[in-house]
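Basis for what follows: all heavy atoms, side chains included, without hydrogens, waters or symmetry-related copies. Just so it is clear, the model here is predicted, and its values are computed rather than measured. The sequence lines fix the lettering, A, B, ..., with proteins before strands; numbering per chain opens at 1.
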Amino acid sequence: MTTYEAGDVTLEQVREFVWEIPKSGGMNVPARILASESLLDEISEDKTLEQLRNSTYLPGVRKYALCMPDGHQGYGFPVGGVAGIDAENGCISPGAVGYDINCGVRMMRTNLTYDDVRGHEEELVDALFEAVPSGLGGGGVHEGTVDDVDAILSRGMDWALENGYAVRDDLEHCEDEGYRPEGNPDKVSEKARNRGKNQVGSLGSGNHFLEVQRVTDVFREDVAADFGLSEDQIVVLIHCGSRGLGHQVCTDYLRKIEQAHSGLLNQLPDRELAAAPAGSQLAEDYYEAMCAAINYAWVNRQLIMHRTREVFADVFDRDWEAMEMDLLYDVAHNIAKRETHTVDGEETDLFVHRKGATRAFPASHPEVPAAYRDVGQPIIIPGSMGAGSYVLRGGDRSLEETFGSTAHGAGRLMSRTQAKNEYWGEDVRDDLRDQQQVYVKAQSGATVAEEAPGVYKDVDEVVRVSDALGIGDKVAWTFPVCNIKG
DNA sequence: ATGTGC
């Protein structure tokens, strides 16, 4: 048997790209890592594998805990981690969802080609930067009241539709149609709601961005046609989350759960995995608050997309409808959801935790929107400013292998602090413009340094593993034209 | 990720 030694963890190879930490000690199930050896070399350098093994101590975790090929260390639970935990007898863990609840991406199509945009990059990037609020702190497309926030938390994208920020078609091209009915503002603290009221429609900072891209390659022509993608087409990618509101929800419930469920906490190897037992009041409260933050993040991305349509209409002097600026799809990267999966031959209700992982449902799954039911759901995987991004579709093996999940990005190679020592923002910006015709505009030079292409893993390799395992199949590759960020 | 924190 092929093994891989990583510190005190020994991995056994199950087959190509599939590695397992066998069950031992307090582990309830084994753990699986989906990676090539070169990705495994990177994954094993931080605490990812230890955190993944720790997560198998969570009560009610089924089958195996998983790490996607882009996995890296996170708070308690790896970014790139997936765990299906029994929704009747198990638990729910905020650390296995992440601080940025429903951090995610959406891609909007246009009928413009690269030739239409070339020569207008500076004008476009300036106009987008001016119109789309970004950076730390307040300021959003919709400057509202706490009542507005409560409506957003309850109704998600339905609120955006009612308030003229969306068309019906947008809702139909969004995971869960942009709405979790369980979202309950009463379970979200006043502090969180106040933090949210002046950030509705704002990018934030860090790795969040808005990017105009061109489709540079198509790998599956038939699927690409169903997704409305073709070579040289201009698309827009929006990556952001639930801002201060989601962060506050996570903080609030971690503290509450640590206090109320210290018994469970003491059974776990890491207190950052704090979890509320299924059926407890806090499990229900956290789920409803998390769903509310999920709704907030969808509205956030919708308002940014709405503003982007206005900017394009202004710059290109045409209606956005005439430019066919339609939402391709919106996927969540940091969520938990009650889903039914087959485990040991039985239909089982699970809290599927996906933290830095994308849902990847295959063709014919009832939760895939009608427009894509025949081909599988679109999966959007942002890479870096120098390596581009990918569109995949849910693969036939995903339900069996990964609770219907795949990777979510390239994954960091180095910390933000390390990145700022290695790179200087203005140099990164100048190199991207001069060498790759990518136009970047950011609130802070430090953010550009933190997001330099060199701080990321090889997104091609991440996608290659997903494709080879049949959990998410390569459809198209896109490359940046211009990018705005905090 | 984050009014960059225990």
Of A/Leu136 and A/Arg412, the one whose closest DNA chain B nucleotide lies more 5':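 Its nearest nucleotide being more 5', the pick is A/Arg412.
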
Please state how far atom [atom1] in [X] lies from atom [atom2] in [N], giving the value in whole angstrom units.
{"X": "A/Glu450", "N": "B/dT2", "atom1": "CD", "atom2": "P", "result": "11 Å"}
{"X": "A/Leu203", "N": "B/dT2", "atom1": "CG", "atom2": "C1'", "result": "15 Å"}
{"X": "A/Asn194", "N": "B/dT2", "atom1": "CG", "atom2": "P", "result": "18 Å"}
{"X": "A/Asn102", "N": "B/dT2", "atom1": "CG", "atom2": "P", "result": "13 Å"}
{"X": "A/Gln259", "N": "B/dC6", "atom1": "CD", "atom2": "C1'", "result": "14 Å"}
{"X": "A/Tyr75", "N": "B/dG5", "atom1": "OH", "atom2": "P", "result": "14 Å"}
{"X": "A/Glu451", "N": "B/dT4", "atom1": "CD", "atom2": "C1'", "result": "14 Å"}
{"X": "A/Leu254", "N": "B/dT2", "atom1": "CG", "atom2": "C1'", "result": "14 Å"}

Intermediate values then yes/no, side chain to side chain contact (heavy atoms under 4.5 Å, CB included), A/Val299 and A/Val200: CA-CA 7 Å; A/Val299 170; A/Val200 188; 3.9 Å; yes

Results of ring-ring contact (aromatic ring centres under 6.0 Å, His included) for A/His408 - residues two or more places apart only: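 A/His333.
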
Classify [X] by what it touches in the nucleic acid, base, sugar-phosphate, or nothing, heavy-atom distance under 4.0 Å.
{"X": "A/Lys191", "result": "base"}
{"X": "A/Gly206", "result": "sugar-phosphate"}
{"X": "A/Gln199", "result": "sugar-phosphate"}
{"X": "A/Thr251", "result": "nothing"}

Passing candidate, side chain to side chain contact (heavy atoms under 4.5 Å, CB included) with A/Tyr329, options A/Arg106, A/Met107, A/Glu175: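 Among A/Arg106, A/Met107, A/Glu175, the one meeting side chain to side chain contact (heavy atoms under 4.5 Å, CB included) with A/Tyr329 is A/Glu175.
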
Close aromatic pair by centroid cut-off 6.0 Å: A/Phe77 and A/His353: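 Between A/Phe77 and A/His353, the centre distance exceeds or equals 6.0 Å.
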
